[in-house]
K.L.:
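One structure follows; several queries about it will come next.
Just so you know, these numbers use all the heavy atoms, side chains as well, and skip hydrogens, waters and symmetry mates. Nothing here was measured: the structure is a model prediction, and the numbers come from that model.
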Amino acid sequence: MCGITGWASFHEDARTHAPTIDAMTASLTPRGPDAGGVWLGPHAAIGHRRLAVIDLAGGTQPMTDRPDAPTVVLSYSGEVYNHHELRAELRNLGHAFRTRSDTEVVLRAYQQWGEDVAQHLDGMFAFAVWDERAQRLLLVRDRLGVKPLFWAAVDGGLAFASEPKALFAHPEIRPRVDANGLREAYSLLFNTGPTVWSGVREVEPGGVLVLDRGGIRERRYWQLEASPHRDDLRTTVERVRDLVGTAARSQLETDVPLCSLLSGGIDSTVLTALLAGELRLRQGPDARIRSYAVDYSDQAEQFTGDVLRPGHDTPFAAEAGAYIGTDHSTVVLDPRSLLDPAHRKAVVVARDSPIGVGDMDTSLYLLFGEIRKHSTVALSGEAADEVFGGYPWFHNPAALAADTFPWLLVTGDEAAMPLNPELGLDIGRFRDETYRAAIAAVPHLDDETPAEHRQREMQHVSLTRWLRQLLHRKDRLSMAQGLEVRVPYCDHRLVEYAFSTPWDLKSHDGREKSLLRAAGTGLAPLSVLHRPKNHYPATHHPDYNRGLQELARDALSVPQVRALADEALIKPCLDAPPDRLRWGHRLRLERVVDLALWLDHHKPELTL
């Protein structure tokens, strides 16, 4: 993994601004705790922080095509899983290699294919290439947007970074927030491109951005398409198992300790079983993969099922670990630790955003910290719900009939930050306009039934919007702990195949994730294969609710928070008995607390 940053400008000599690129690079040290470096040229400055995973000795960055008088400079974050195949292909084309890193494969691939390099890469990645001869900066992001990449205009060019905080270390880029930024943050629509920060944008997933003396141009090299599906059910199940297995096997390579996140749900259990089986083939029958789950010290007594979490994960995770034969551990957190101001601030700083999910973000951050003591790479079941139709909105007639983003029926305004109506943001209108644009972008086949048409819309918005915020969350909180998390269900070949599979096959057994359940037969206990969807666990302890209410009261004493928040809607959440605080109202309080921390740390200039 790693952090990348830098800028290109045709109006000044970057070599006179070494302190700036040093500061931008240093801000990303948590993403790359093992090493750092910078490269300075007449019109570009490139920085890199490294988390060493493959070729620990040879993969230092920024990497250049040759030691003396380089013509190509690369700063790269991520993993390219087909780098062995590409290395062989590039050698046959005449390229010589001096390391065994996937970084150098990307560098040589750029030399061979130029701006079309991304189409040859399988993996999760974000990288910048400065081409000295062409006087060109190329920014590239992976197809699903697993790895983040932000940019902002500067005089004569642009600056880029893995996280906005690095951009703010550049003297021309300030942390400013306007009304559009608040709409982006609090509408819960998860647009890509614009951000909460004025003037800061994301490179689109599956996107390429080029800066040269002619200006800036952007294009997509990949996006979801609807294709006819010719396979019957049996063939489809076999193909899904093959695709998931191939993705899992390709992501096992590492020169550092590796583990799996095992919640006890079908997604993580099937993935962990495939990983464990492949390790035994490679290392012998006694090989065991480490697996981790998270729980809270109060869950055995306090757990109460709800629409998002009908069951307690820990027993299922333990059963799955025993069935597969993993070296399984449960990280048990004290709910009160989630109230620790230092932990909560670390999460907000990592996100560079006021929007998160409170205790679940802090919990994930602490879980990753415990895992990092033993492993540097973890594999996660993220994205299986989007790929295979696991969320309630795929199956709920009311959600399918609603003329809005389906998750708003679950989270709704009750769980959103109640903003002061005097701000005049008109988030309702913004949501309507954004939804119409999102639906218009969905690809369809001419012979689709109305039901199939609607399900394709649901899957498209889930994959292109809902998933994006989950990937951001996992990236930021894991990299803040120096942990690389890989997501095999985001393999673009699997995503493409599932997206074009008809809904009647995706739901052939009348339940969610039918194809994954069928493909996972024999890989997981029956109890896990047939348990309902369970979201990431949250604490149910009244002491947490009580402490959260106190933190929110303190947050509301901050004038800027009071100016932004609708105190009338927050007051009932503050006054509710801690043991009866509804989930949506609790999340409102989380938003208030995070807003105060965000304002205090980033000190944004608000131009409303």
K.L.:
May I have all residue pairs that pass ring-ring contact (aromatic ring centres under 6.0 Å, His included) and include part of residues 80-102, sequence neighbours excluded?
P.N.:
none
K.L.:
Do Lys533 and Glu512 sit within salt-bridge range, that is, some charged N less than 4.0 Å from a carboxylate O?
P.N.:
no
K.L.:
Minimum heavy-atom separation for Leu271 and Gly381, please, with both atom names.
P.N.:
CD2-N, 4.0 Å
K.L.:
Would you sort out whether Tyr489 and Leu494 count as a side chain to side chain contact (heavy atoms under 4.5 Å, CB included), showing the intermediate values?
P.N.:
CA-CA 7 Å; Tyr489 289 112; Leu494 172 63; 3.9 Å; yes
K.L.:
Just jot down the side chain to side chain donor-acceptor pair (under 3.5 Å) partners of His120, sequence neighbours excluded, or say none.
P.N.:
none
K.L.:
Can you list the residues that meet the ring pair (Phe, Tyr, Trp, His ring centres under 6.0 Å) rule with His508, with sequence neighbours excluded?
P.N.:
none
K.L.:
Under a 4.5 Å cut-off applied to non-hydrogen side-chain atoms, are Ser514 and Asp509 in contact?
P.N.:
yes
K.L.:
Applying salt bridge (Lys or Arg N to Asp or Glu O under 4.0 Å), which residue pairs with at least one partner in residues 82-93 are found, sequence neighbours left out?
P.N.:
none
K.L.:
Without hydrogens or angle criteria, can the side chains of Glu386 and Tyr391 be said to hold a donor-acceptor pair below 3.5 Å?
P.N.:
yes
K.L.:
If you take all heavy atoms of Leu28 and Gly3, which pair is closest and at what distance?
P.N.:
CD1-C, 3.9 Å
K.L.:
Specify the closest pair of heavy atoms between Thr5 and Ala166, including all atoms of both residues, with the distance to one decimal.
P.N.:
OG1-CB, 3.8 Å
K.L.:
Scan side-chain atoms only and decide if Gln455 and Lys506 contain a donor-acceptor pair under the 3.5 Å cut-off.
P.N.:
no
K.L.:
Find out whether Arg476 and Asp361 are in side-chain contact, i.e. whether some heavy atom of one side chain is under 4.5 Å from a heavy atom of the other.
P.N.:
no
K.L.:
Side chain of Arg143, backbone of His492: donor and acceptor closer than 3.5 Å?
P.N.:
no
K.L.:
Could you walk me through whether Arg486 and Asp491 pass salt bridge (charged side-chain N to carboxylate O under 4.0 Å, His left out), step by step?
P.N.:
CA-CA 10 Å; Arg486 299 176 181 177; Asp491 184 283; over 6 Å; no
K.L.:
What is the distance from atom CD1 of Ile371 to atom CG of Leu366, rounded to the nearest 0.5 Å?
P.N.:
11.0 Å
K.L.:
Tell me every residue that passes ring pair (Phe, Tyr, Trp, His ring centres under 6.0 Å) with His530, counting only those two or more places apart in sequence or in another chain.
P.N.:
none
K.L.:
So which heavy atom on Val528 is nearest to which on Gly264, and how close?
P.N.:
CG1-O, 3.5 Å
K.L.:
Say whether, by atom type as modelled, one donor and one acceptor occur between the side chain of Tyr110 and the main chain of Leu74 under 3.5 angstrom.
P.N.:
no
K.L.:
If you measure only the distance, is there a donor-acceptor pair under 3.5 Å linking the side chains of Thr314 and Asp295?
P.N.:
yes
K.L.:
Do Leu149 and Ile4 touch side chain to side chain, with heavy atoms closer than 4.5 Å?
P.N.:
yes
K.L.:
Assess whether salt bridge (charged side-chain N to carboxylate O under 4.0 Å, His left out) is satisfied between Arg288 and Asp327, documenting all intermediate values.
P.N.:
CA-CA 6 Å; Arg288 295 167 68 88; Asp327 183 3; 5.5 Å; no
K.L.:
Between the main-chain N or O of Glu484 and the side-chain N or O of Arg372, is there a donor-acceptor pair closer than 3.5 Å?
P.N.:
no
K.L.:
Between Thr521 and Ala518, is there a donor-acceptor pair closer than 3.5 Å when you use the side chain of the first and the backbone of the second?
P.N.:
yes
K.L.:
Using the salt bridge (Lys or Arg N to Asp or Glu O under 4.0 Å) rule, collect all pairs that involve residues 243-258, keeping only residues at least two apart or in two chains.
P.N.:
Arg100-Asp255
K.L.:
Using a strict cut-off of less than 4.0 Å between a Lys/Arg side-chain nitrogen and an Asp/Glu carboxylate oxygen, indicate whether Asp232 and Arg234 qualify as a salt bridge.
P.N.:
no
K.L.:
Check step by step if side chain to side chain contact (heavy atoms under 4.5 Å, CB included) holds for Arg454 and Glu457.
P.N.:
CA-CA 5 Å; Arg454 184 55 174 158; Glu457 291 175 341; 2.9 Å; yes
K.L.:
Does Val256 reach the side chain of Leu51, with side-chain heavy atoms less than 4.5 Å apart?
P.N.:
no
K.L.:
With heavy-atom distances below 4.5 Å as the criterion, would you say the side chains of Val117 and Phe127 are in contact?
P.N.:
yes
K.L.:
Judged by atom type as modelled, is there a donor-acceptor pair below 3.5 Å linking the side chain of Trp407 to the main-chain atoms of Leu188?
P.N.:
yes
K.L.:
Please check: side-chain N/O of Gln469 versus main-chain N/O of Trp466, any donor-acceptor pairing under 3.5 Å?
P.N.:
yes
K.L.:
Can you tell me if Asp142 uses its side chain to pair, donor with acceptor, with the backbone of Lys147 under 3.5 Å?
P.N.:
yes
K.L.:
Is there a donor-acceptor contact under 3.5 Å linking the side chains of Asp359 and Thr362?
P.N.:
no
K.L.:
Would you say that Leu463 contacts Val387 through its side chain, given a criterion of any heavy-atom pair below 4.5 Å between the two side chains?
P.N.:
yes
K.L.:
Check the pair Leu243 / Val240 against side chain to side chain contact (heavy atoms under 4.5 Å, CB included), numbers first and verdict last.
P.N.:
CA-CA 5 Å; Leu243 286 168; Val240 165; 5.6 Å; no
K.L.:
So does Leu189 get a backbone contact from the side chain of Arg465, meaning a donor-acceptor N/O pair under 3.5 Å?
P.N.:
yes
K.L.:
Do Asp231 and Thr236 pair up side chain to side chain, a donor and an acceptor below 3.5 Å, judged on atom types alone?
P.N.:
no
K.L.:
Between Leu445, Leu224, Val461, which is the residue that forms a side-chain contact (heavy atoms from CB on, under 4.5 Å) with Arg456?
P.N.:
Leu445
K.L.:
For the residue pair Val357 and Tyr536, establish whether any side-chain heavy-atom pair is separated by less than 4.5 Å.
P.N.:
no
K.L.:
Mark yes or no for whether Arg49, through its side chain, and Arg31, through its backbone, hold a donor-acceptor pair below 3.5 Å.
P.N.:
no
K.L.:
For Thr103 and Gly59, indicate whether the former's side chain and the latter's backbone hold a donor-acceptor pair under 3.5 Å.
P.N.:
no
K.L.:
With sequence neighbours left out, what residues match Ala350 under side chain to side chain contact (heavy atoms under 4.5 Å, CB included)?
P.N.:
Leu477, Ala480
K.L.:
What are the two closest non-hydrogen atoms of Ser375 and Cys259, and how far apart are they?
P.N.:
OG-CB, 3.5 Å
K.L.:
Mind checking what makes ring pair (Phe, Tyr, Trp, His ring centres under 6.0 Å) contact with Tyr365, not counting sequence neighbours?
P.N.:
none
K.L.:
Sorted by first residue and then second, give each ring-ring contact (aromatic ring centres under 6.0 Å, His included) pair with at least one member in residues 226-268; sequence neighbours left out.
P.N.:
His229-Tyr497
K.L.:
What is the minimum heavy-atom distance between Ala126 and Pro148, and which atoms define it?
P.N.:
CB-O, 3.6 Å
K.L.:
Regarding Tyr76 and Asp102, do their side chains bring together a donor and an acceptor under 3.5 Å, going by distance alone?
P.N.:
yes
K.L.:
Could you walk me through whether Glu382 and Val146 pass the side chain to side chain contact (heavy atoms under 4.5 Å, CB included) check?
P.N.:
CA-CA 10 Å; Glu382 200 77 82; Val146 180; over 6 Å; no
K.L.:
Would you call Asp267 and Phe388 a side-chain contact if the rule is heavy atoms closer than 4.5 Å?
P.N.:
no
K.L.:
Return the set of residues passing salt bridge (charged side-chain N to carboxylate O under 4.0 Å, His left out) with Arg468 (not counting sequence neighbours), or none when no residue passes.
P.N.:
none
K.L.:
Who pairs with His395 by ring pair (Phe, Tyr, Trp, His ring centres under 6.0 Å), at least two apart in sequence or on another chain?
P.N.:
Trp503
K.L.:
Just to verify, what does Glu202 make a side chain to side chain donor-acceptor pair (under 3.5 Å) with, not counting sequence neighbours?
P.N.:
Arg141, His472
